[in-house]
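Following: one structure in structure tokens, then a few remarks.
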Amino acid sequence: MSAGQPEEEPAAAAQPPLARLLSAFFYGTCSFLIVLVNKTVLTTYRFPSPMVLGIGQMATTILILYVSKLNKIIHFPDLDKNIPVKLFPLPLLYVGNHISGLTSTSKLSLPMFTVLRKFTIPLTLLLEIIILGKRYSLGIIVSVFAIILGAFIAAGSDLSFNLKGYTFVLLNDIFTAANGVYTKQKMDPKELGKYGVLFYNAYFMVIPTMILSFSTGDLQQVMDFKHWTNFLFLFQFLLSCFLGFLLMYSTVLCSHYNSALTTSVVGAIKNISIAYIGMLIGGDYIFSILNFIGLNICMAGGLRYSFLTLRDHNKPKQSTDEENMS
């Protein structure tokens with residue numbers, strides 16, 4: 001282990017392979033479903049405020065975790081003056097990730113959203129090296145940049161420019177990468193633990209976000225929204241709120257059992273699956289050879305990364321055993 005590497009990394013590397021695989025699959029499934037549901041709520045029904053939808057997801061997270069704590073199903077520390085210091089800057093990254101993700105989903109087609117979301121991966125790789133002191137093999141670095149090469153190839157043949165959509169999706173890439181890395185850093189079981197990180201992220205940001213939505217007029221637009229009596233819309237809105245909690249939980253779980261980079265790559269593979277579905281059912285995708293080749297290069301890079309990670313997951317343990325024998 002390098003001098004700059006945090007203590008929790010070996011523990012994460014020693015997690016059972018099945019737990020690592022299932023946590024990654026759970027995150028990928030939740031992330032896949034919420035993009036489709038959010039796309040329906042924000043685009044099909046034209047819900048006027050991604051910010052208010054984010055508030056609904058935060059409120060659901062607070063309610064579920066608080067009730068679970070009261071019933072002793074889970075445990076996390078009670079609020080004290082030290083918690084904001086321990087958690088910073090996660091709440092800011094959390095709400096930024098939330099709002100930018102929802103806004104970009106509403107402004108871009110699914111294939112274009114997929115392409116631009118790939119830039120999360122090199123950002124995560126860079127931040128893990130700088131903040132967590134991690135080191136990656138040449139094979140993993142090549143796999144990650146194969147994903148980026150595919151993204152550039154796909155983007156070069158499918159750019160229907162939308163300044164607001166592009167700005168928010170690139171901000172979302174930055175927030176997602178930073179959120180994953182700092183979550184890994186802050187998730188010490190002796191401090192807040194994974195449930196404490198989830199609860200206090202939402203707790204500290206729900207009120208400021210509500211004030212912001214009121215000052216921008218979003219709250220008034222939502223109150224005047226015409227589909228509140230539509231059962232199908234209401235079901236999907238509530239499903240989005242619940243999936244918002246599941247996505248946050250699955251992200252923390254995946255980062256706990258794996259690396260933040262693994263979480264990003266699982267998200268990238270999920271986005272490619274969404275892109276394929278968007279080609280068939282979205283109605284806003286125009287097929288081109290270059291775009292299709294780019295998407296497949298992204299998928300190949302993600303699968304190659306997954307193979308290298310699973311193959312190498314026992315190496316830290318083996319190295320430690322050899323050092324102990326010496």
Side-chain angles (χ1 to χ4, degrees), residues 30-31 33-67 79 84 87 89-110 112-113 116-117 160-176 179 198-249 251 282-284:
C30 293
S31 188
L33 290 174
I34 196 170
V35 169
L36 295 182
V37 174
N38 285 344
K39 186 70 176 173
T40 302
V41 170
L42 294 167
T43 303
T44 304
Y45 289 101
R46 299 187 182 279
F47 187 71
S49 175
M51 195 185 305
V52 173
L53 183 59
I55 291 170
Q57 293 175 355
M58 283 185 260
T60 303
T61 299
I62 293 168
L63 180 63
I64 291 173
L65 291 177
Y66 186 69
V67 170
L79 180 64
L87 204 57
L90 265 184
L92 298 177
L93 298 174
Y94 162 81
V95 76
N97 187 28
H98 229 59
I99 294 172
S100 60
L102 289 168
T103 304
S104 58
T105 301
S106 68
K107 297 294 180 185
L108 298 170
S109 69
L110 289 178
M112 201 61 244
F113 176 80
L116 294 174
R117 286 288 286 137
S160 52
F161 187 74
N162 180 317
L163 180 59
K164 188 174 181 180
Y166 277 41
T167 302
F168 275 99
V169 78
L170 293 174
L171 282 173
N172 190 222
D173 292 338
I174 295 169
F175 283 127
T176 300
N179 188 64
L198 276 176
F199 180 82
Y200 288 112
N201 267 344
Y203 179 82
F204 289 132
M205 295 312 298
V206 69
I207 299 299
T209 311
M210 287 182 68
I211 293 171
L212 182 61
S213 69
F214 177 78
S215 64
T216 57
D218 277 28
L219 208 55
Q220 185 59 47
Q221 291 182 51
V222 167
M223 291 173 66
D224 297 336
F225 187 57
K226 63 182 180 181
H227 286 297
W228 286 120
T229 55
N230 183 329
F231 173 78
L232 194 56
F233 163 77
L234 198 58
F235 171 76
Q236 290 183 81
F237 180 86
L238 294 175
L239 179 62
S240 173
C241 292
F242 181 66
L243 284 171
F245 161 72
L246 285 185
L247 177 62
M248 286 180 278
Y249 177 66
T251 303
D284 53 2

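Here F175 contributes atom CZ and L93 contributes atom CG; the two are 7.0 Å apart, rounded to the nearest 0.5 Å. C30 contributes atom SG, which lies 6.5 Å from atom CG of L247 (distance to the nearest 0.5 angstrom). Rounding to the nearest 0.5 Å places CZ of F199 at 12.0 Å from CD1 of I64. The CZ atom of F237 sits 13.5 Å away from the CG atom of N230 when rounded to the nearest 0.5 Å. Rounding to the nearest 0.5 angstrom, the gap separating the CG atom in L219 from the CD1 atom in I211 is 11.5 Å. The OG atom of S240 sits 9.0 Å away from the CZ atom of F47 when rounded to the nearest 0.5 Å.
Nearest heavy-atom pair, V37 versus Q236, reported as atom, atom and distance to 0.1 Å: CG1-O, 3.4 Å. The two residues Y45 and H227 make their nearest non-hydrogen contact at O-CD2, 3.7 Å. Closest non-hydrogen pair, P48 versus Q221, comes out as CB-OE1, 3.6 Å. Residue L198 comes nearest to T61 through the heavy atom pair O-CG2, 4.2 Å, listed as atom of the first residue, atom of the second, then distance. The two residues Q57 and C241 make their nearest non-hydrogen contact at CG-CA, 3.6 Å. Smallest separation of non-hydrogen atoms from I62 and V206: CD1-CG1, 3.8 Å.
At least one donor-acceptor pair under 3.5 Å links the side chain of Y200 to the backbone N or O of L79. Although no hydrogens or angles enter the test, the distance criterion places no donor-acceptor pair under 3.5 Å between the side chain of W228 and the main chain of F233. A donor-acceptor pair is defined here as one N or O able to donate and one able to accept, closer than 3.5 Å; no such pair exists between the side chain of T44 and the backbone of V41. Counting only distance, with no hydrogens or angles, the side chain of T43 and the backbone of T40 share no donor-acceptor pair below 3.5 Å. Here the side chain of N172 pairs a donor or acceptor atom with the backbone of N97 at under 3.5 angstrom.
Within 6.0 Å of CZ in F225 there are more than 12 heavy atoms belonging to other residues, nucleotides or ligands. Environment of CZ in F245: crowded, with over 12 heavy atoms of neighbouring residues, nucleotides or ligands closer than 6.0 Å.
D218 and S49 are linked by a side-chain donor-acceptor pair at a separation below 3.5 angstrom, with hydrogens and angles left out of the test.
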